[in-house]
Colleague: 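One structure coming up, written as structure tokens, with questions to follow.
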Number of protein chains: 2
Amino acid sequence: MSRSGADLALLLLGGFRGLVDAATEELARRGYQDVRPVHDFAMRAIAAGADSASDLGRNLSVAKQSAAKTIAVLVERGYVIREPDPHDARRKRLQVTPLGFEVMREGEAIFDELRIRWQRQLGTAEFANFEGQLAKLVGAGSVRFDTPGWMARGLDGSA
Amino acid sequence: MSRSGADLALLLLGGFRGLVDAATEELARRGYQDVRPVHDFAMRAIAAGADSASDLGRNLSVAKQSAAKTIAVLVERGYVIREPDPHDARRKRLQVTPLGFEVMREGEAIFDELRIRWQRQLGTAEFANFEGQLAKLVGAGSVRFDTPGWMARGLDGSA
DNA sequence: GACGATAGACAGCCTGGCTGTCCTTGTCCA
DNA sequence: TGGACAAGGACAGCCAGGCTGTCTATCGTC
């Protein structure tokens, strides 16, 4: 097989984009037109415990200022609320609102459907194998979220 | 396995980023510090025949104006030259310079090394299988290059 | 009590997308 | 042959998301 390393990278990108593009479209069709994948991922991280801007930044591997921008959008749209932390006056605790959870559930469902579609394409056993290998190769490490950024500028330390 | 569809997407993104980040770093170490993956991909497309801004845009699935910006950078850095097309006065023909090819060769080599590293991790046969499945799932379709953009805004028609 | 670390916010900047508009040049058909 | 329409390229203007640097308030620790 004369496939090159660059092709491999493109396939991975293509796969990601395919999934995410489809999910975004479907989410819009279901009425959540102002939600972008990055918002979904951020809410997920917040719900999982990254309840401050700095935390979120670390979690998503972006600068805290970038995280703060995303948070501002989420707050503005009612997906997240920001309230003072009773134990630390410096912090503003983040919480996903019911509406936010609604979007997350919807997004999760869509992604799962897409995954099942892939599963059917390969067959269950093959797919499980594929997914396991992918996980093995990529590792459970954190994933950065930007891209034009990183693509154009390279990666710098964050936060 | 309780892996979710969103995880799958993140694994793909993680894989892509892992490869590309490593490649960019290595390229910088070898002295090409102003080259970004997007430039490499663009040159590849140009060398493969996308010899005008509009072509390149279609090929990379970005608007021709975006392609034009990238081209401007490549020209400025001496990786690509732009000359009038003798057969069509509207077009400016693009050509990769020797320096550009040098970078491409270097990038290709790095990507290949990374691919071989993955190959070792899974074993040759397993890896071939993995790659084949990935290709099958993603399809040979074109891959868009942007990301923060598309991640934040979704995708619109291009060119 | 003082110093260093951390959270958050402001300002400013960059890159890379996109759109719209305009002009030039080709093409194709009446 | 002329006119309509398509296509290439370039300009201007806008947006999102990242980053850095700087500042203040607050915590924690010595």
Side-chain angles (χ1 to χ4, degrees), chain A residues 17 21 24 34-39 41-42 50-77 80 82-94 143-159, chain B residues 17 21 24 34-39 41-42 50-77 80 82-94 143-159:
Chain A
R17 290 220 39 162
D21 288 356
T24 306
D34 55 353
V35 182
R36 301 291 168 233
V38 70
H39 301 142
F41 291 136
D51 67 341
S52 75
S54 298
D55 272 2
L56 184 60
R58 278 189 289 269
N59 203 293
L60 300 186
S61 297
V62 297
K64 61 179 179 179
Q65 290 79 354
S66 309
K69 270 196 197 177
T70 302
I71 292 170
V73 172
L74 289 172
V75 168
E76 186 190 304
R77 297 188 181 168
V80 162
R82 191 168 27 186
E83 51 186 14
D85 184 318
H87 301 305
D88 186 339
R90 292 171 305 176
R91 317 187 97 214
K92 303 265 176 80
R93 251 188 5 197
L94 301 174
V143 178
R144 286 159 172 266
F145 277 92
D146 52 323
T147 286
W150 63 264
M151 228 173 175
R153 254 169 285 121
L155 352 83
D156 322 70
S158 48
Chain B
R17 291 220 39 163
D21 289 356
T24 306
D34 54 354
V35 182
R36 302 290 168 234
V38 70
H39 301 142
F41 291 137
D51 67 341
S52 75
S54 299
D55 272 1
L56 184 60
R58 277 190 290 270
N59 202 291
L60 302 185
S61 295
V62 298
K64 61 179 179 179
Q65 291 77 356
S66 309
K69 271 196 197 177
T70 303
I71 291 170
V73 172
L74 289 172
V75 169
E76 187 189 303
R77 298 188 181 166
V80 162
R82 190 168 29 186
E83 50 187 17
D85 184 317
H87 301 306
D88 186 338
R90 293 172 305 178
R91 317 187 96 213
K92 304 263 176 83
R93 253 191 0 200
L94 301 174
V143 177
R144 288 160 171 265
F145 277 93
D146 53 322
T147 287
W150 64 263
M151 224 171 177
R153 255 170 287 121
L155 355 81
D156 322 69
S158 46

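Computed from a predicted structure; not experimentally measured. Proteins get letters first, then strands, A, B, ... in listed order; numbering begins at 1 in each.
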Colleague: What is the distance from CG of B/Leu56 to P of D/dA10, rounded to the nearest Å?
Modeller: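 Taking CG of B/Leu56 and P of D/dA10, I get 13 Å after rounding.
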Colleague: Is the distance from OP1 or OP2 of C/dA7 to the nearest side-chain N or O of A/Ser54 less than 4.0 Å?
Modeller: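 Looking at the OP1 and OP2 atoms of C/dA7, one of them is under 4.0 Å from a side-chain N or O of A/Ser54.
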Colleague: Atom CD1 of B/Ile71 to atom P of D/dG8: distance rounded to whole Å?
Modeller: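 Rounding to the nearest Å, CD1 of B/Ile71 and P of D/dG8 are 12 Å apart.
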Colleague: Return the value, rounded to whole Å, for the distance between atom NE2 of A/His39 and atom C1' of D/dG18.
Modeller: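 Taking atom C1' of D/dG18 as the reference, NE2 of A/His39 is at 14 Å.
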Colleague: With respect to the phosphate group of D/dG8, does any side-chain polar atom (N or O) of B/Arg58 fall under 4.0 Å of OP1 or OP2?
Modeller: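 Checking B/Arg58 against D/dG8: at least one side-chain N or O falls below 4.0 Å of OP1 or OP2.
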Colleague: Mind calculating the distance between CG (B/Asp55) and P (D/dA6) to the nearest angstrom?
Modeller: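 After rounding, the gap between these two atoms is 19 Å.
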Colleague: Could you tell me how far apart B/Lys92 (NZ) and D/dA7 (C1') are, to the nearest whole angstrom?
Modeller: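 The distance from NZ of B/Lys92 to C1' of D/dA7 comes to 15 Å, rounded to the nearest Å.
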Colleague: Provide a list of protein-nucleic acid N or O atom pairs under 3.5 angstrom, restricted to nucleotides 21-24 of chain D.
Modeller:
from: D/dG21; atom 1: O6; to: A/Gln65; atom 2: NE2; distance (Å): 3.0

Colleague: Once side-chain contact (heavy atoms from CB on, under 4.5 Å) is applied, do any residues pair with A/Asp88, and if so which ones, sequence neighbours excluded?
Modeller: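 For A/Asp88, the residues satisfying side-chain contact (heavy atoms from CB on, under 4.5 Å) (neighbours in sequence not counted) are A/Asp85, A/Arg90, A/Arg91.
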Colleague: So which one's nearest nucleotide on DNA chain C is more toward 5', A/Ser52 or B/Ala67?
Modeller: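 That would be A/Ser52.
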Colleague: For A/Asp85 and D/dT26, give me the distance from atom CG to atom C1', rounded to whole Å.
Modeller: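 Nearest whole value for this atom pair: 12 Å.
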Colleague: To the nearest angstrom, how far is A/Glu76 atom CD from D/dC15 atom C1'?
Modeller: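 After rounding, the reported distance stands at 14 Å.
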Colleague: With a 3.5 Å cut-off and heavy atoms only, can you find an N or O donor on one side and an acceptor on the other between the side chain of B/Arg90 and the base of C/dT24?
Modeller: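 Under the 3.5 Å cut-off, the side chain and the base do not form any donor-acceptor pair.
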Colleague: Under the rule for side chain to side chain donor-acceptor pair (under 3.5 Å), what residues qualify as partners of A/Arg77, not counting sequence neighbours?
Modeller: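 If we apply the side chain to side chain donor-acceptor pair (under 3.5 Å) test to A/Arg77, skipping adjacent residues, there are no hits.
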Colleague: Quick check for you: among C/dA9, D/dA10, C/dC18, whose closest atom lies nearest to any side-chain atom of B/Val62?
Modeller: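 When the side chain of B/Val62 is considered, C/dC18 is the closest of C/dA9, D/dA10, C/dC18.
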Colleague: Think A/Lys69 has a side-chain N or O under 4.0 angstrom from the OP1 or OP2 of C/dA9?
Modeller: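 For C/dA9, neither OP1 nor OP2 has a side-chain N or O of A/Lys69 closer than 4.0 Å.
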Colleague: Could you check B/Arg91 against A/Asp88 and say which one's nearest nucleotide on DNA chain D is further toward the 5' end?
Modeller: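 Whichever sits nearer the 5' end wins; that is B/Arg91.
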Colleague: Hey, is the side chain of A/Ser66 poking within less than 4.0 Å of OP1 or OP2 on D/dG17, counting only N and O atoms?
Modeller: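 For D/dG17, neither OP1 nor OP2 has a side-chain N or O of A/Ser66 closer than 4.0 Å.
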Colleague: Just jot down the salt bridge (Lys or Arg N to Asp or Glu O under 4.0 Å) partners of A/Glu76, sequence neighbours excluded, or say none.
Modeller: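 Here no residue qualifies.
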